[in-house]
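So you know, we letter chains A, B, ... as the sequences are listed, proteins then strands, and number each from 1.
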2 protein chains.
Amino acid sequence: MKLIDKENIDFGLLLSQHGLSKTSFRKFLIELFYKTHHALSVDEIINNLSYQIDKVSIYRALNAFEKNGLIHKVPDKANLIKYALCKSECSSEKHLHNHAHLLCSICNETYCINDFKIPVVNEYKGFLINNLKVILEGSCVDCQQI
Amino acid sequence: MKLIDKENIDFGLLLSQHGLSKTSFRKFLIELFYKTHHALSVDEIINNLSYQIDKVSIYRALNAFEKNGLIHKVPDKANLIKYALCKSECSSEKHLHNHAHLLCSICNETYCINDFKIPVVNEYKGFLINNLKVILEGSCVDCQQI
DNA sequence: TGATAAATGCAATTGATTTGCGTTTATTTT
DNA sequence: AAAATAAACGCAAATCAATTGCATTTATCA
Ligand SMILES: [Mn+2]
Ligand SMILES: [Mn+2]
Ligand SMILES: [Zn+2]
Ligand SMILES: [Zn+2]
């Protein structure tokens with residue numbers, strides 16, 4: 001469970017650059033995505049907050065972040081809404097993701113992985129393919145140590 | 001949209017062999033799975049019925065079919081519950097699926113494909129993999145012809 | 001500072017799926 | 001074949017994540 005240096009990111013500026021107002025909750029939220037190394041659900045966001053916030057505001061913030069290229073939806077074991085940080089190349093105009101996801105069947109967390117080689121398929125029996133999703137299911141390092 | 005011969009299957013017997021009672025609706029339902037070549041949602045089942053049936057009975061039949069190895073859940077674009085027929089090897093003891101799925105972004109149908117080669121991965125950076133899912137997204141043959 | 005747009009809170013709604021329970025239908029046992 | 005047991009069904013109600021409407025607050029911009 002390594003932590004990457006936070007690199008002194010100005011989260012307010014980041015929000016502005018993506019066309020979003022910098023409110024205290026949204027600054028907290030984007031920072032939370034930067035320091036968490038797995039995908040976040042609404043409930044996990046609530047658990048990380050030191051104050052109360054309406055779930056509706058969380059859903060709206062997540063939708064706005066996604067629309068403006070800050071985060072992307074990831075698969076979740078229970079089909080709940082769950083998001084992870086985008087690469088800096090993403091914007092509202094172009095969301096591009098071509099990476100696999102790792103799902104732990106024990107703790108139910110989702111991780112993005114960037115160095116798994118996704119097969120390239122353009123066509124399958126007349127079916128035109130624009131996107132190929134790969135989901136690796138299993139048990140994460142932490143959950144094996146039990 | 002080819003149709004495979006129905007091969008004179010005794011659907012009542014098939015239900016019995018899987019530990020299920022042969023009611024008229026369940027015979028109709030398993031037959032519908034056999035003659036449809038894409039995965040079925042609850043609404044599509046209703047559209048195929050010539051009489052009324054409670055949605056709850058459909059959900060319960062689907063759960064029972066899945067539990068007893070007749071059908072398996074497939075991914076769906078809108079995260080609705082959708083099922084497709086299992087291979088005859090499946091039973092309540094052992095459900096084994098190792099095939100990819102094709103999702104048409106236009107008509108939203110899901111197809112099982114059996115000859116797409118799934119990458120074999122047992123481990124990824126300490127993460128133990130038991131299952132690897134592949135989803136091909138694109139446009140099906142019918143939808144391209146518009 | 002004042003006008004305009006974005007974000008928030010609260011209440012209500014939506015929509016798919018599940019649960020409880022009494023009744024009907026199918027299967028098994030006498 | 002009738003009685004006993006178990007499975008499936010129908011209807012109403014509940015669940016639960018997610019969305020919507022609307023009034024209020026906060027942020028942005030001129
Ligand atoms: Mn990802
Ligand atoms: Mn399948
Ligand atoms: Zn885990
Ligand atoms: Zn299609």
Side-chain angles (χ1 to χ4, degrees), chain A residues 10-32 39-47 49-83 92 108 110, chain B residues 10-32 39-47 49-83 92 108 110:
Chain A
D10 181 336
F11 294 104
L13 180 60
L14 188 59
L15 290 169
S16 301
Q17 287 171 338
H18 285 264
L20 298 163
S21 295
K22 34 191 173 187
T23 66
S24 61
F25 167 61
R26 291 189 175 195
K27 277 184 284 187
F28 160 85
L29 183 58
I30 188 64
E31 182 168 5
L32 181 62
L40 292 168
S41 64
V42 169
D43 281 340
E44 192 168 356
I45 292 165
I46 290 172
N47 292 339
L49 270 167
S50 52
Y51 56 98
Q52 286 288 112
I53 193 152
D54 197 295
K55 271 194 181 186
V56 175
S57 300
I58 301 178
Y59 282 111
R60 285 199 265 233
L62 292 172
N63 284 334
F65 283 16
E66 183 191 26
K67 182 157 169 260
N68 295 12
L70 283 168
I71 59 178
H72 64 280
K73 278 202 175 102
V74 300
D76 170 68
K77 258 207 113 204
N79 277 345
L80 299 187
I81 287 192
K82 207 172 249 190
Y83 286 98
S92 67
N108 286 348
T110 303
Chain B
D10 181 337
F11 294 104
L13 180 60
L14 187 60
L15 289 169
S16 301
Q17 287 170 338
H18 286 262
L20 298 164
S21 295
K22 35 190 171 184
T23 66
S24 61
F25 167 62
R26 292 188 174 195
K27 278 185 283 187
F28 160 85
L29 183 59
I30 189 61
E31 183 169 4
L32 181 62
L40 290 170
S41 64
V42 170
D43 281 340
E44 191 168 357
I45 292 166
I46 290 173
N47 291 339
L49 270 166
S50 53
Y51 57 98
Q52 286 288 112
I53 194 152
D54 197 295
K55 270 193 182 187
V56 174
S57 300
I58 300 178
Y59 282 109
R60 285 198 264 234
L62 292 172
N63 285 336
F65 282 16
E66 182 189 28
K67 182 157 169 262
N68 294 14
L70 283 168
I71 60 177
H72 64 280
K73 278 203 174 103
V74 301
D76 170 69
K77 259 208 110 204
N79 276 344
L80 299 188
I81 288 192
K82 207 173 249 190
Y83 286 98
S92 67
N108 287 346
T110 303

(message) Using a strict threshold of under 4.0 Å (side-chain N to carboxylate O), is an ion pair present between Lys55(A) and Asp43(A)?
(response) yes

(request) May I ask you to test the Leu29(A)-Leu62(A) pair for a side-chain heavy-atom distance under 4.5 Å? (result) yes

(message) How many whole angstroms separate atom CG of Leu80(A) from atom P of dT17(C)?
(response) 14 Å

What nitrogen or oxygen pairs link the protein and nucleotides 22-30 of chain C at under 3.5 Å?
from    : atom 1 : to       : atom 2 : distance (Å)
dT27(C) : OP1    : Lys22(B) : N      : 3.2

(message) Rounding to an integer number of Å, can you tell me how far Lys27(A) NZ sits from dA6(C) C1'?
(response) 15 Å

(message) Main chain of Pro75(A), side chain of Thr110(A): is a donor-acceptor contact present, judged purely on distance under 3.5 Å?
(response) yes

(request) Output the single nucleotide from dT19(D), dA18(D), dT17(C) whose closest atom is nearest the side chain of Asn63(A). (result) dT19(D)

(message) Using a 4.0 Å heavy-atom cut-off, does Arg60(B) contact any base of the nucleic acid, only the sugar-phosphate backbone, or nothing at all?
(response) base

(request) Round to the nearest Å and state the distance from Leu49(A) atom CG to dG9(C) atom P. (result) 10 Å

(request) Would you confirm whether Asn108(A), through its side chain, and Lys77(A), through its main-chain N or O, come within 3.5 Å as a donor-acceptor pair? (result) no

(request) Round to a whole Å and report the spacing from CG of Leu62(B) to P of dA7(D). (result) 19 Å

(request) Measure from the side-chain heavy atoms of Ile53(B) and tell me the nearest of dG10(D), dT19(D), dA7(C). (result) dG10(D)

(request) Return the value, rounded to whole Å, for the distance between atom NZ of Lys55(A) and atom C1' of dT13(C). (result) 16 Å

(request) Write down the distance between CG (Asp54(B)) and C1' (dA13(D)), rounded to a whole number of angstrom. (result) 13 Å

(message) So if I take every side-chain heavy atom of Tyr59(A) and compare against dG20(C), dA17(D), dG9(C), which nucleotide ends up nearest?
(response) dA17(D)

(message) Rounded to whole Å, how long is the line connecting atom NE2 of His18(A) with atom C1' of dA7(C)?
(response) 18 Å

(request) For Phe25(B) and dC9(D), give me the distance from atom CZ to atom P, rounded to whole Å. (result) 7 Å

(request) Go through Leu32(B) and Phe28(B) one step at a time and tell me if the side-chain contact (heavy atoms from CB on, under 4.5 Å) criterion holds. (result) CA-CA 6 Å; Leu32(B) 181 62; Phe28(B) 160 85; 4.1 Å; yes

(request) Just compare dT17(C), dC9(D), dA18(D) and give me whichever is closest to any side-chain atom of Ile81(A). (result) dA18(D)

(message) With heavy-atom distances below 4.5 Å as the criterion, would you say the side chains of His18(A) and Ser92(A) are in contact?
(response) no

(request) Compare the minimum distances between each of dC10(C), dT17(C), dT8(C) and the side chain of Arg26(A), then state the nucleotide with the smallest one. (result) dT8(C)

(request) Step by step, work out the side-chain contact (heavy atoms from CB on, under 4.5 Å) result for Leu70(B) and Leu15(B). (result) CA-CA 9 Å; Leu70(B) 283 168; Leu15(B) 289 169; 4.1 Å; yes

